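This is a predicted model, so every value here is computed, not measured. Each ligand, and each atom within it, is numbered from 1 in the order the structure gives.
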Amino acid sequence: MLRVDQAGEYGATRIYAGQLAVLRANSPEAKLIARMAAQEQRHLDRFNALVAERRVRPTALQPLWNVAGFALGAATALMSERAALACTDAVETEIDRHYAQQLSDLGSEDAELSADIAEFRADELEHRDAARTAGATDAVGYPVLTAAIRAACRVAIALSKRI
Ligand SMILES: [Fe+2]
Ligand SMILES: [Fe+2]
């Protein structure tokens, strides 16, 4: 669980870095995304600490998520501000499902980890809703774009659990 969660939060920071590299620095979208990126960094810092503390082997795919995350962020931001927000919408939808599944798998086994996951999940839902409020669903090709990104997230999650 910690391996995939660390990988996911790392990927999130890379997606937002790619978007912020492209978006105009003072646009409302850039400001919103910078705020969300700061929260992803906090999530990542926490999983980095837990991975070290509990001696979890980190994913070997980190170099891939470094490049793929940044590319996904930059590509969606190059399409449009709304496409960048649709990317957040799609990613956070899958992360919400993933964290909900983990919470149910954990049950009462690990209260410390459950508390972190529940807190981060609430942040991710807030990111998804903020992206929608800011116009994500008006992105050109929204259904196709978000379906493709969600499918990619599911593949990334499955790979990061094992590799
Ligand atoms: Fe996060
Ligand atoms: Fe998020």
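- The atom of Glu124 nearest to the Fe ion (ligand 2) is OE1, with the search restricted to N, O or S atoms.
- For Asp89 and Arg132, the salt-bridge test passes: some basic side-chain N is under 4.0 Å from an acidic carboxylate O.
- Remark: Glu109 engages no residue in a salt bridge (charged side-chain N to carboxylate O under 4.0 Å, His left out) (not counting sequence neighbours).
- When distances from the Fe ion (ligand 1) to the N, O or S atoms of Glu9 are compared, OE1 comes out shortest.
- Ring geometry for Tyr99 against Phe47 counts as tilted: the plane angle lies between 30° and 60°, on a 0 to 90° scale.
- When the Fe ion (ligand 2) is compared with the N/O/S atoms of His127, atom ND1 turns out nearest.
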Check against side chain to side chain contact (heavy atoms under 4.5 Å, CB included), Glu92 and Leu125: CA-CA 7 Å; Glu92 303 294 18; Leu125 280 172; over 6 Å; no
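- Within Glu40, the N, O or S atom lying nearest to the Fe ion (ligand 2) carries the name OE2.
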Under 3.5 Å donor-acceptor pairs involving side-chain atoms of residues 56-70, not counting sequence neighbours:
from	atom 1	to	atom 2	distance (Å)
Arg57	NH2	Arg162	O	3.2
Thr59	OG1	Leu61	N	2.9
Thr59	OG1	Ile163	O	2.6
Trp65	NE1	Ser160	OG	2.8
Asn66	OD1	Arg14	NE	2.8
Asn66	OD1	Arg14	NH2	3.0

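- For Glu92, the N/O/S atom at the shortest distance from the Fe ion (ligand 2) is named OE2.
- In His43, the N, O or S atom that comes nearest to the Fe ion (ligand 1) is ND1.
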